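Heavy-atom basis, side chains included; hydrogens, waters and symmetry copies ignored. Note that this is a predicted model, so its numbers are computed, not measured. Below, chains carry the letters A, B, ... as their sequence lines are ordered, and counting in each starts from 1.
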There are 2 protein chains.
Amino acid sequence: MKLITRDTDYALRAVCFIVKNKKTVSVPELVRELNIPRPFLRKILQVLSRKGIVRSFKGKGGGFTLGLPPEKIYLLDLLRIFQGPLKLNECTLNKKRCPKISNCPLSKKLSGIEKQVLRELKPITIASLIKGMA
Amino acid sequence: MKLITRDTDYALRAVCFIVKNKKTVSVPELVRELNIPRPFLRKILQVLSRKGIVRSFKGKGGGFTLGLPPEKIYLLDLLRIFQGPLKLNECTLNKKRCPKISNCPLSKKLSGIEKQVLRELKPITIASLIKGMA
DNA sequence: GACAAATGATACTATTGTGGTATCATTATG
DNA sequence: CATAATGATACCACAATAGTATCATTTGTC
Ligand code: FES
Ligand code: FES
């Protein structure tokens, strides 16, 4: 089971690379650097652009720059954009038959774990990841 | 993203029910009680049987009993049986291009999270879950 | 203005994992 | 021997993930 899917991961790499370049970065450059399949990367960047994580510039010489400072781009943001909300704990039973979540011991444990995971993910920003690479 | 898939969950419920019955429990009984699709449940129980979690008795009047005391059946066992090893942290890059895992800051963070999750999962047994339901 | 080089929008396809079904063989009890 | 159970195994359906393809639009350069 993966915590982070491919699109999230690619988004992360792309954003990191954009941070390190002061100029706008185009898809061809990113492809060259990260070798991610080009159309897939394009799709990902378009999403990031819509969400304001990056800013896009069309036309010749165009490309992408950051839309936010790297200290304000959280891994959790990317994760939620591409993977939806982090819910480790969804009851497989429909609500009718579920002996009330609040009472279910497994559910309690899983919620606890989910909280822990969130607590650890929360502080991770692009900035912190890049610093870690030094 | 689910931490626990349906088969693991069904297995868990089935095992819990078996614990509470001193006699052998047959698939029809389990279906009645848990309403899990019968052939699916059968498949799950066969796996549990092969793994020694439950013991099976063939023939008329047959069914399943526990193969281990409930304090020795770990949620993690079931999880691993049905979902493979818990690895939250698998690099999307192939080994060639991965800038060595030990150096990758994301990988480090995710490993940390994985360890935490394992630490929380480890102590959970069938016995502890049942006690929690009291 | 025409062309080239970039992104925007959107629809489609392929692969894989999950959640099941179906069938036939085997074993035990009455 | 009939019946009621499990064993083994192969198959199928659906959803999520991963990736492709196409056309429209914008912008810089000659
Ligand atoms: S049975 Fe619904 S949360 Fe446990
Ligand atoms: S790039 Fe391979 S573990 Fe981070």
Could you say whether F64(A) or F82(B) is positioned toward the 5' end of DNA chain C, judged by the nucleotide with the nearest heavy atom to each? F64(A)
What string of B, S and - do you get for nucleotides 20-30 of chain D 5' to 3' if you count protein non-hydrogen atoms under 4.0 Å? B-B--BBBB--
Whole angstrom is fine here: how far is it from [atom1] in [X] over to [atom2] in [N]?
{"X": "L45(A)", "N": "dA18(D)", "atom1": "CG", "atom2": "P", "answer": "16 Å"}
{"X": "D7(A)", "N": "dT15(C)", "atom1": "CG", "atom2": "C1'", "answer": "15 Å"}
{"X": "Q83(A)", "N": "dA16(D)", "atom1": "CD", "atom2": "P", "answer": "13 Å"}
{"X": "R50(A)", "N": "dT10(C)", "atom1": "CZ", "atom2": "C1'", "answer": "9 Å"}
{"X": "K51(A)", "N": "dG8(C)", "atom1": "NZ", "atom2": "P", "answer": "15 Å"}
{"X": "L79(A)", "N": "dT17(D)", "atom1": "CG", "atom2": "P", "answer": "11 Å"}
{"X": "E29(A)", "N": "dT7(C)", "atom1": "CD", "atom2": "C1'", "answer": "14 Å"}
{"X": "K2(B)", "N": "dG17(C)", "atom1": "NZ", "atom2": "C1'", "answer": "10 Å"}

Would you say L76(A) and I124(A) make side-chain contact, with heavy atoms under 4.5 Å? no
Answer whether the closest heavy-atom distance between the side chains of T125(A) and L75(A) falls below 4.5 Å. no
F82(B), F40(B), F17(B) screened by ring pair (Phe, Tyr, Trp, His ring centres under 6.0 Å) with Y10(B), the one that passes: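 Of F82(B), F40(B), F17(B), ring pair (Phe, Tyr, Trp, His ring centres under 6.0 Å) with Y10(B) is met by F40(B) alone.
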Side-chain N,O ([X]) to OP1/OP2 ([N]) below 4.0 Å:
{"X": "S56(B)", "N": "dA5(D)", "result": "no"}
{"X": "S49(A)", "N": "dT7(C)", "result": "no"}
{"X": "Y10(B)", "N": "dG20(C)", "result": "yes"}

Can you sort out the partners of D7(B) under salt bridge (Lys or Arg N to Asp or Glu O under 4.0 Å), two or more places apart, ordered by chain and number?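 Salt bridge (Lys or Arg N to Asp or Glu O under 4.0 Å) check on D7(B) returns nothing, list empty.
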Does the separation of the ring centres of F64(A) and F57(A) fall below 6.0 angstrom?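 Here the rings of F57(A) and F64(A) have centres that are no less than 6.0 Å from each other.
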Say you draw a straight line from CZ of R13(B) to CD1 of I18(B); how long is it, rounded to the nearest 0.5 Å? 14.0 Å
Going by the side-chain hydrogen bond (donor to acceptor under 3.5 Å, both in side chains) test, which pairs reach into residues 66-83 of chain B, not counting sequence neighbours?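 Passing the test, one end in residues 66-83 of chain B: T5(B)-Q83(B), T8(B)-Q83(B).
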